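All remarks here apply to the structure that follows.
Being a predicted model, the structure only gives us computed values, none of them experimental. In what follows, chains are A, B, ... by sequence order, proteins preceding strands, each numbered from 1.
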Amino acid sequence: MDSQSLLESLLSELDIALFQSLSPTDDFPMFQLLHEPPSWVTAFAGIDRSNPIALTEVFSYLEAFLPEAQESWADSNNSRANSGVWTEVDRQGKTQQLEALALLVADIPLLVLLNLTRNFDERHHLYQRAREIALANEKLIIQLNHRQRELQNNLEKRLQDEQTLDDIEESVRNNASAVLICKPDGSVEIMNQALIDIYRVKEPEEQNESLLDKWLKEAEAIYPEIHRVVASGSYWEGEFESHSESGAPKWIRLAIGPVLDTSHKLTHYVCIANDISMLKKSSTEIERLADYDFTTHLPNRRHFWKQLTKSLDKGVQKNSVLALIYVDLDHFKRVNDSLGHHAGDFLLSTIGTRLARCIKHGDFIAHLGGDEFAIILELPHSTINIEKIAQRVQSAICKNITIDNATLKMTASIGIAMYPKDGRDATSLMRHADLAMFHAKKMGRGKYQAFMPNMNYEFLQMLQLEIDMQKAVEQEQFNLVYQPQVCCGQDHYLRLEALIRWKHPLKGSISPARFIPIAEENGMILDIGIWVLEQACKQAKRLLNDGFNVIMAVNVSAKQVRQENFKELVNIVLKKTGLPARHLELEITETTVMEEMEVVVELLKDLRKLGISISLDDFGSGFSSLTYLKNLPVDNLKLDRAFIHELPANEESKAITTSVINLAHELKMKVIAEGVENQEQVEFLTDKGCDYMQGFLFYYPMEAEKIQEIFTAIRGVANH
Amino acid sequence: MIAKKVCLLGSFAVGKSSLIRRFVESIFSDKYHTTIGVKIDKKVVRSQDQDVQLMIWDIEGKDEFSTYRQSYLRGAAGYFLVVDGTRPDSVSVAKEWHDMVLQQGLKLPFILLVNKSDLFYDQRLNEDDLVELSSMGWEILLTSAKTGENVDYAFERLTTKLLENNE
Ligand SMILES: Nc1nc2c(ncn2[C@@H]2O[C@H](COP(=O)(O)OP(=O)(O)O)[C@@H](O)[C@H]2O)c(=O)[nH]1
Ligand SMILES: [Mg+2]
């Protein structure tokens, strides 16, 4: 056999047909078959060795491939183009899988036609299988998700209804999901059989580490913020690799739901886990499937981490700048609780879509789970105005959303960290963005904050403070001081504002500006608030008994006002201390009122019915209009100190102060000026008819004894 | 007779091949047979008083196994984005495809087919998503390769759109 026929046999054996392109630059090039054609080739119309063939007409698939083929024919650098597989039906009706390669050999433009049919079944089988598994998994995950949430809700309700542990245990005993209910310190209250099966855990008393702690540690690798989320009493769900008692790795899907009692105190964690190792293992296909969130259809956390790592690699190579924007919706749980999971999902999905639409092509957005989103932006240079972007994100979120006839306005707290400035690896960048977000949240809702290096330290401080605060209540480290308000005209009341102080045994005095926001956040404000109320009322009663006609003003926080039984609590305190209601005044900030106008207005009316008077605190600091004032059941307006500070130099402040005083008087309200610091201000305010003034110019906040002294002195003067 | 290339794009198993079979051969099978690469079918439709030969490209669903090729859309006159009404994830895949088309610099008429409309009680797409897409000017049709609902109409409608686009 000569070498030519050997080669031809080989080509035929390999199911290859070799063509030379006769007019490589033509739009309809002709091809010459270079050897005796294998039978599969002749099974297609019009292919034989004697005539040039218009291959792109025989196989219309090749027409679209032509530009790539021509490129490699024009390129002497050994490049080759691959058409990819396509399916063709031959003259006998048989399907054939073909693929074409274009390349230049010894300056001859060649087209190689490969018939893949013979080995195709195997490949097809593999793809088929993988995709079937992926489909099944997709359906399972949707269902699992649904089931976990339902169970979580059910258990939370049972705990809040104070069903007995036995009843609850009974209800989850045979559940297919693993259930663990534990106290905030991790000690186990209930665990069911599925948990023992999945985890092969020992009975609770034999364990040295709580399962919850173990999970938190394991999940931390992919979810660095999990401690913060769980510790702050938020719902968390995610998937991570976990190790059972025997050390065998398992993928679990875990949901941790905090259970709060009526006073918003954390009483339990409900944890629901499912072994999803099977889903994770089946094939690489599932990798991709597991990459999207089912509520928002956005890339999920796993995907996000892969992408962040990729972007950082690219950033290193290209020396570019990245911004990581961490978005956490404010008060999402409230929506979920009041309107249900369905509405919550809808909300997340809507916001997800909006966020996805406000980023540029090439940027990346993910739904990290719960109410958290993250955005990765590649920036052309480091001086770009990142605040603009944060504002754009914020305004995309805060557009109205209508759900079941209710119109909601959401806000988010946004944290920003930049590569390489704020972190060079994915974990630290993420941690810092999260920390910045956390700070944004502390500043109040709807804010954004870029990461700053001292935040790490501040965060630790804050955590410590939170722990210390628990003790402070028990060990009576708090005390009250009182600041008198001065009357500009005639008044037979002596007015005081009660202010809280914290004497920390090690750190000395800690400003309320520092610890009150933390207490607001973790709910301790409820305990502290009621303590303050009681102490202040007691003191007022004492002064009253000594013959001083006092009005005691006590600050009330937004969280307190939102308590369903707030009015009853106040009433109880009044009864307990024996203080007549007309000697108590409650101060509520303007923003608190604005946040939940309807509820608060009703509450204030009720409180006034008891005889208590109401002050609107920090008035003018929010962006409320004066027009809504007339609908508020309020006795006094406390002008925000920012206005007073600018008096009388600033014309605008002057104008505002004047019109507020006039309007208030029209509405039969009194005006209290806070933070009065100099004589010019006093003159201006008196001239304009302001009713009361409060400030260091007159009195510092003082201990109760000192107040007694001063009041006695005033009485002395008055009596002479 | 003029010939026009149209493509069906979307996630795997949303019913692209089934829609084409229903349209070209009027048959449907419940069995899933995954497509690898591309298969081209032809069918003549009559639109605006002329015959048009549609070259219908059935393109492999996008996933880890598949590679996207620019040639898939080269010379196309229009396309369908196909999603499975029971699988929310398929919507984002359709969006990815759409982005890919735009990235290639193509601005072609297209229609979003929400397939498997016969599985009425399993529909899981987010209404808001569809509203959003439709507000962005996407034309949306509910189809079923199984019952044939809207299948012929979808092809006719796309043909009309691409002929209009031609003028
Ligand atoms: N019930 C129902 N099933 C469908 C419909 N269209 C496709 N299917 C099924 O969905 C699976 C995937 O269809 P296929 O056409 O192969 O999807 P492709 O991967 O997008 O080409 C098959 O099992 C089909 O029988 C439909 O309209 N209704
Ligand atoms: Mg197919």
Side-chain angles (χ1 to χ4, degrees), chain A residues 59-69 81-89 95 97-99 116 120 123-132 134-135 138-139 141-142 283-289 291-299 345-347 349-350 352-354 356-357 361 401, chain B residues 3 5 7 11-14 17 31-42 53 55 57-76 83-84 86-96 99 102-103 122 124-129 131-133 135-136:
Chain A
F59 304 117
S60 46
Y61 181 77
L62 288 181
E63 198 181 320
F65 172 59
L66 203 56
E68 273 117 51
N82 182 327
S83 73
V85 192
W86 84 99
T87 300
E88 201 73 50
V89 181
T95 51
Q97 272 75 37
L98 307 177
E99 185 169 20
L116 307 176
F120 194 71
R123 179 162 164 196
H124 186 262
H125 185 72
L126 175 78
Y127 283 30
Q128 177 81 30
R129 181 98 192 92
R131 287 175 179 158
E132 278 169 1
L135 265 181
E138 189 173 336
K139 296 216 165 97
I141 290 175
I142 293 176
S283 73
T284 45
E285 190 72 350
I286 292 141
E287 287 276 302
R288 203 200 69 81
L289 256 170
D291 266 357
Y292 289 87
D293 182 276
F294 282 101
T295 317
T296 53
H297 317 156
L298 291 175
D345 283 356
F346 175 84
L347 182 96
S349 160
T350 307
T353 312
R354 285 184 189 171
R357 283 175 68 187
H361 178 78
I401 298 178
Chain B
K5 170 176 173 180
C7 300
S11 183
F12 63 95
V14 293
S17 305
K31 212 169 138 11
Y32 173 41
H33 186 84
T34 190
T35 311
I36 297 183
V38 171
K39 181 163 182 294
I40 303 169
D41 275 283
K42 293 174 186 157
Q53 183 184 49
M55 321 262 282
W57 283 48
D58 183 5
I59 294 172
E60 177 172 18
K62 192 166 155 296
D63 63 19
E64 301 250 289
F65 289 111
S66 58
T67 1
Y68 172 72
R69 292 168 194 283
Q70 297 233 324
S71 59
Y72 287 172
L73 284 157
R74 191 171 286 138
V83 304
D84 178 340
T86 67
R87 285 162 56 207
D89 198 26
S90 64
V91 177
S92 40
V93 176
K95 285 190 204 158
E96 283 172 29
D99 284 348
L102 296 184
Q103 249 176 71
D122 293 327
R124 280 186 179 276
L125 299 198
N126 191 326
E127 179 78 10
D128 187 50
D129 267 357
V131 169
E132 187 110 35
L133 294 177
S135 76
M136 282 156 61

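Between B:T35 and A:R131, the shortest heavy-atom contact is O-NH1, 3.2 Å.
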Evaluation steps, side chain to side chain contact (heavy atoms under 4.5 Å, CB included), between A:F65 and B:Y72: CA-CA 8 Å; A:F65 172 59; B:Y72 287 172; over 6 Å; no

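If you take CD on A:E88 and CD1 on B:I40, they are separated by 6.5 Å, rounding to the nearest 0.5 Å. Atom CH2 of residue A:W86 and atom CD of residue B:E60 lie 15.0 Å apart, to the nearest 0.5 angstrom.
Proximity to chain B involves both the backbone and the side chain of A:P67, based on heavy atoms less than 4.5 angstrom apart.
A donor-acceptor pair under 3.5 Å links the side-chain atoms of B:R69 to the main chain of A:N82, judged by distance alone. Judged by distance alone, with hydrogens and angles left aside, the side-chain atoms of A:H124 form no donor-acceptor pair with the main-chain N or O of B:I36 at under 3.5 Å.
Between B:R87 and A:L135, the closest side-chain pair of non-hydrogen atoms falls below 4.5 Å.
The salt bridge (Lys or Arg N to Asp or Glu O under 4.0 Å) check on B:D41 picks up B:K39, with sequence neighbours excluded.
The candidate from B:Q70, B:M55, B:R74, B:K42 with the greatest count of non-hydrogen atom pairs under 4.5 Å with chain A is B:R74.
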